[in-house]
Each structure stands twice: as structure tokens, then as C-alpha cells.
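A quick write-up on the structure given underneath.
Values reported hereafter were calculated over all heavy atoms of this structure, with side chains retained and with hydrogens, waters and symmetry mates removed. Not measured: the values here are computed from a predicted model.
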Amino acid sequence: MFSGIIASSGVAIGKAFVLKEAEFQISDSVLDSSEVDANIARFKEAIVKTVEQLESIRDTAAAKLGEEEAEVFEGHILVATDEELEEEVVEAIKGLKPADAALSETIATNVAMLAELDDPYLRERVADIKDVGRRMIKNLLGIDMVSLDDVAHGTIIIADDLTPSETSQIDLERVWGFVTNIGGRTSHSAIMARSLELPAIVGAKVATDSIQNGDTVVLDAINNKVLINPDQSAIDSYKTLQAKLDEERKELSKLKDLPCTTIDGKQFEICSNIGTVKDTEGANRHGAEGVGLYRTEFLFMDRTQMPTEEEQFEAYKAVAEAMSGRPVVIRTLDIGGDKDLPYLDLPQELNPFLGWRAIRMCFDKPEILNTQLRAILRASAFGKLKIMFPMVISVEEARRLKQVVADVKAELSSKDIAFDDTVEVGIMVETPAAVMVADLLIQEMDFFSIGTNDLTQYILAVDRGNEMIADMYDPMAPAVLRAIKRVIDCSHEAGKWTGMCGEMAGDERAALILAGLGLDEFSMSATSIPRVKKTLRNHKHEDLKAMAEAAVNQPTTEDVKALLNDFIAKF
């Protein structure tokens, strides 16, 4: 038995299919000058074959998963056809390196450069480049790619990692779950698993070493366990748990159209976080009352040029219409020097999380912000959109952003372009600076949304991507809870509202404290909505308030958790 990181909850019992790369040897010889042209030709043939395969995978993914999910393969095609990469490989071949060695070394160099930047998105980009690189090398060497098309019914995939091209092949009728050695909650495979509602554990480290093809595997992505060839008694127990979870899901589905109201009548808004219009399908299926965070940066990634105003307008309009008049909070571009956008001259920074990102970059490149705001405001004529700015730390920034919005509104009005003039404008509270001046910031804004992922990291001075100190990263820390309380209290004193769009909002246990602190809106992954709604509907708000007040006064994180455990046991 071993564990990892729960990427998508659930329980699956099936036969293991261990996905392992075919072994191949990279040449270490030196070319004769007469062999250079032939090696360049082989390399270029491998590019053509790779692009053909990726185009086929893209079309299959579009048919199976939708156009939005298929867009990742446009990025893969861009990698395969990248002129700089091609030039580097050709130059290496001209330096008398065999084509496979030249390609392998060039891919490794690019991966190493990106891997130095500690950012979840870049880790996904590293995986993408590795995926395309392996495909190109295999095509160059004439080695067939592994296919998941023909796995048996009831398969649990075991892999070092699952690439986008591999996850796109998953057939939900045959594949019941997967376990990977590497990855985290923000990896492509984890995001895909949640989108497909497929049980998955990632970052298990020893999966491919511990499990053999055909082993019976119990994937317990509820209690974070992977069991290998368990006895019949254990299998029967997990079948009972599966039946219980199925029944629970049916019961939870009955809450879909019910409000999130406590026993004594306090109502909360339960929303979903999304990255693309396709994500609204899950939001609607699970009863989201709106979108609390639309991450627009996905529109800007895996492209060769900036999305136009029209492209952005169509994307925002599609989400507004998909949510049928329910509120949609659109976060403006949150990207910076820690992410690789080939069409922007973004610097590499030693500490990108504290660097030139989000509104800081947009202030210096006003054409980006103005274009996005025009698109959002135009789309506001088709639904209830709200604008949210990330990484605001001062009243000066808040006022400057308000003026930009006012200027764009004036521009649209002068051209008789329709928009909702009552669009609410808010900010993400994700830094200690914003917490400290929350009482001043709320005078300038219509609402707050707390980004607990970054806020926890900044308050505790703990890098959430650093495994050596991962145990120190905890949003239940008293310092974080006190910051959250201050933000909520400041907004309420000003007659405004506060939401939360970090991972903490989707934690049903943390939701008890957050509700007690008076959080107005909870935004989370769509699959978390039913459980959070059920949890809050089963309590009195007065009880939650008393418990939350005690929680923020506890001296340690463990004391907070002990208090919460006692409260849950009592009720």
C-alpha cells in the first residue's frame, strides 16, 4: 500500500495497465560530414509525422472532450513546429551530432531552462515539451507510440505521468482511474481527472515500481490509499464504500437546485471556478449559483500571438450566456515573468511571485488591459459579469484601475457600443498588504474575493511549491484565519460583500469556519459544490459563528483543527 496526492476523489477497483515508455538508445556517435544532410532530412520528416499525429489527436480530443480541451494540442503543434527549436537541432546536426542526439539534447536544454522557474503552469509546460520531444524522437527512430485506445474494460492506468496526448485517449467506459508517480493538483492530468470526475492519485512516486500489469488495484482517492492485490475481504469492503459513495452522490444531486441556506436561515452563494467555457457544463451540472473565478489567462496561453478583442469578447460572452444570467466574476490577466508567452517580452525573474505580474505588467502594457476590459464590458450586455483585478496592494492601484474602467466605458459609450454600466468591480485579496489596508481598499471597490492559495503562501512566508516545507503551508493557521476575518469584517462594515476563490473555499471542513466568519460567496471546483452545500445546510449559522470566533483565537494550527474536530463530532 502507498499514497500520494488526491487529484480527483472517488474509489475505483480494477486491473492495472502499467504505461511504460519503450526503451530506446540515443546515439553517442559522431557523424561523418557526408551524413549531415540525411540526418537533417530524417529530423524534418519526424517533424512532419509528429504534426500529423498531433493534429489527429487534437481532432479526436475535440470530438470526445470539446474544442476547449483540444486547444492544448495546438500548443503541442506549436512546439513541434517551433522554428528556434528546429534551428538549434539543425545546427547541432551540422556540428556532427546524429539527429536523435541533437534533438534529445535540445529538448533537454529547453526543459531545464523552464524547470528552473518554480511555477505550476511552467511545470505543465515542461511536461508538454517533454511529451512532444519524446514523440518526435520516437518518430525519428521509428518507434511506435503507446496507445490507450485498446485497454480492457475496468482498467486503472499506472504511469510515471500522463501527458495531455495520453489523457486525451482515456475512454471512461474502460478506464476507471489512474495513479501517477509525479504531478500535483495543478498538473494537466489532475485537472483532466477532475473534469472527467475520474478517481486519481498523483505524485505517488513508487507506483510504476510497485505495480505490475494485471495486478488488482484498489484506488482509494478518498482516504489517499493505493492497495495492490488486496484480499477478497478488502475488495468487498471497498465495493461497499463504492455503493455508499454512489448513493451519497445521488443524494447530493438532489441539492442541485436548492439554496445553500443554514438551518436558521443564513444564505450563502456557492459558485464555481472555471478556466474555459466548457467548465460551465460541470458548474451547471453540480448546481453552481454563478462563477466566482473565471481564470482568463488560459485564453492567452499556447498561442503565437495575443488573443484579439473579438476572440476575448466571444469567450466571455459564451460564459455569460452559459450561466444564464447568474453572476460571473472575470479575473483580468494574471500572468507575468514566471510564465512563457512567446509573443510577450517577459523577463525571467528570480522571484516571479513577487515580481512583474498581473496588474503590474498590465499597467506597463495598457493595450493588454484596455483590450481585455473592452471585451469584458461588451460581453456584459449578455449576462451578469463582474470584473476582478489580481495582485492589488494599494489604494493608489485601486483608484488607477477604476479610472481605466471608467475610460473604457466612456470609449464604448462614444461609439454606441452596448454594455452593462452597473458592472461591479472588485479585487482579489491575496497579499498581506491588501489585508492591512482592506478597510481603505473596500471604499474604492464593490467587492473582495480572497485568494487563499497565494494569501496563505505570503502570510506564512512558505513557498507552496516547495516539498521540503509543504507541511508548513496550511490555510487553517491562526494568522491566515485572522487575515480572512479582517477582510470579511472590513467589507461588511462598508456594506460590501466578500467571496473566496482559493482551494480553501472548496474544503467542506474549512467551509464551516468560513461561514462562521461571515464569508458571503464560496467559489470552488464544481465537484466540491454538493458537499460544501450539504455541510452548510446541516448547521445553524449561530453555532458556526461561535465556533469560528473561537477558532481565530486559538494559539496554534493544531488547536484550530482540534476545535473543528470537536465541533464536527458534536453535530
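Nearest heavy-atom pair across L219 and P199 is CD2-O, 3.4 Å. H286 approaches T527 most closely through the heavy-atom pair NE2-CG2, 3.9 Å. Across all non-hydrogen atoms, the minimal contact from I201 to N224 is CD1-OD1, 3.7 Å. In terms of heavy-atom proximity, V179 sits nearest to A207 at CG1-CB, 3.8 Å. Listed here is the closest heavy atom pair of I156 and V217: CD1-O, 3.5 Å. Residues A200 and A193 come closest through the heavy atom pair CB-CB, 3.7 Å.
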inquiry  = Could you walk me through whether D454 and T431 satisfy the side chain to side chain contact (heavy atoms under 4.5 Å, CB included) test, starting with their C-alpha distance in whole Å, then the side-chain angles of each, then the deciding distance to 0.1 Å, before giving a yes or no?
reply    = CA-CA 7 Å; D454 273 344; T431 68; over 6 Å; no
message = Under the criterion side chain to side chain contact (heavy atoms under 4.5 Å, CB included), I'd like the reasoning laid out for F17 against N213: C-alpha separation, chi angles, the key distance, then a yes or no.
response = CA-CA 5 Å; F17 176 81; N213 265 325; 4.2 Å; yes
query = Could you go step by step and tell me if T332 and C362 meet the side chain to side chain contact (heavy atoms under 4.5 Å, CB included) rule?
reply = CA-CA 9 Å; T332 60; C362 289; 5.9 Å; no
task = Take K386 and Y294 through the side chain to side chain contact (heavy atoms under 4.5 Å, CB included) test and state the conclusion after the steps.
result = CA-CA 10 Å; K386 304 181 184 187; Y294 178 4; over 6 Å; no
task = Given side chain to side chain donor-acceptor pair (under 3.5 Å), test T155 with K15 step by step and report yes or no.
result = CA-CA 5 Å; T155 289; K15 294 292 185 180; over 6 Å; no
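Here the straight-line distance linking atom OG of S525 with atom CD of E503 works out to 5.5 Å at 0.5 Å rounding. In this structure, R400 CZ and F389 CZ are separated by 11.5 Å, a value rounded to the nearest 0.5 Å. To the nearest 0.5 Å, atoms CG (L333) and CE (M361) are separated by 4.5 Å. Separation of atoms CD1 (I427) and CE (M391) is listed at 11.5 Å; rounding is to 0.5 Å. With rounding to the nearest 0.5 angstrom, the CD atom of E309 is 13.0 Å from the CD atom of E367. Here the CG-CE distance, from N273 to M500, works out to 11.5 Å after rounding to the nearest 0.5 Å.
Formation of a donor-acceptor pair under 3.5 Å by the D209 side chain with backbone atoms of V206 is not found in this model. Panel note: side chain S3, backbone K225; no donor-acceptor pair is recorded below 3.5 Å. Under the 3.5 Å distance criterion, the side-chain polar atoms of S523 are matched with a main-chain donor or acceptor of G292. A donor-acceptor pair under 3.5 Å is absent between the side-chain atoms of T180 and the main chain of A159, judged by distance alone. R360 contributes a side-chain N or O that, together with a main-chain N or O of G355, makes up a donor-acceptor pair within less than 3.5 Å. The closest donor-acceptor contact from the side chain of N181 to the backbone of A204 lies at 3.5 Å or more, if one exists at all.
Residues Q53 and K138 fail the side-chain proximity criterion, which asks for heavy atoms closer than 4.5 Å. Inter-residue side-chain proximity for I274 and F298 is flagged as unmet; no heavy-atom pair is nearer than 4.5 Å. Counting only heavy atoms from C-beta outward, the side chains of V329 and L293 never approach each other to under 4.5 Å. Counting heavy atoms from C-beta on, the side chains of F43 and I47 come closer than 4.5 Å. F178 is not listed as a side-chain neighbour of L19, based on a closest heavy-atom distance of 4.5 Å or more. Counting heavy atoms from C-beta on, the side chains of L299 and Y316 come closer than 4.5 Å. Annotation: side chain of I387 is in contact with side chain of L377 (closest heavy-atom distance under 4.5 Å). Residues V79 and N110 are not in side-chain contact: their nearest non-hydrogen atoms beyond the backbone lie 4.5 Å or more apart.
For E397, the side-chain contact (heavy atoms from CB on, under 4.5 Å) partners are I359, F363, V392, I393, S394, not counting sequence neighbours. Applying the side-chain contact (heavy atoms from CB on, under 4.5 Å) test to I222 and every residue at least two apart in sequence or in another chain returns S9, V11, D220, L245.
A salt bridge is defined here as a Lys NZ or Arg NE, NH1 or NH2 lying under 4.0 Å from an Asp or Glu carboxylate O, and K130 with D160 fails to meet this definition. In this structure, K317 does not pair ionically with E310, as no charged nitrogen and carboxylate oxygen lie closer than 4.0 Å.
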Which atom pairs, donor and acceptor, lie under 3.5 Å between side-chain atoms of residues 98-108 and protein residues at least two apart or in another chain?
unit_1	atom_1	unit_2	atom_2	d
D100	OD2	S27	N	2.9
E105	OE1	K97	NZ	3.4
E105	OE2	K97	NZ	3.2
T106	OG1	A102	O	2.7

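Side chains of T50 and N139: a donor on one and an acceptor on the other come within 3.5 Å.
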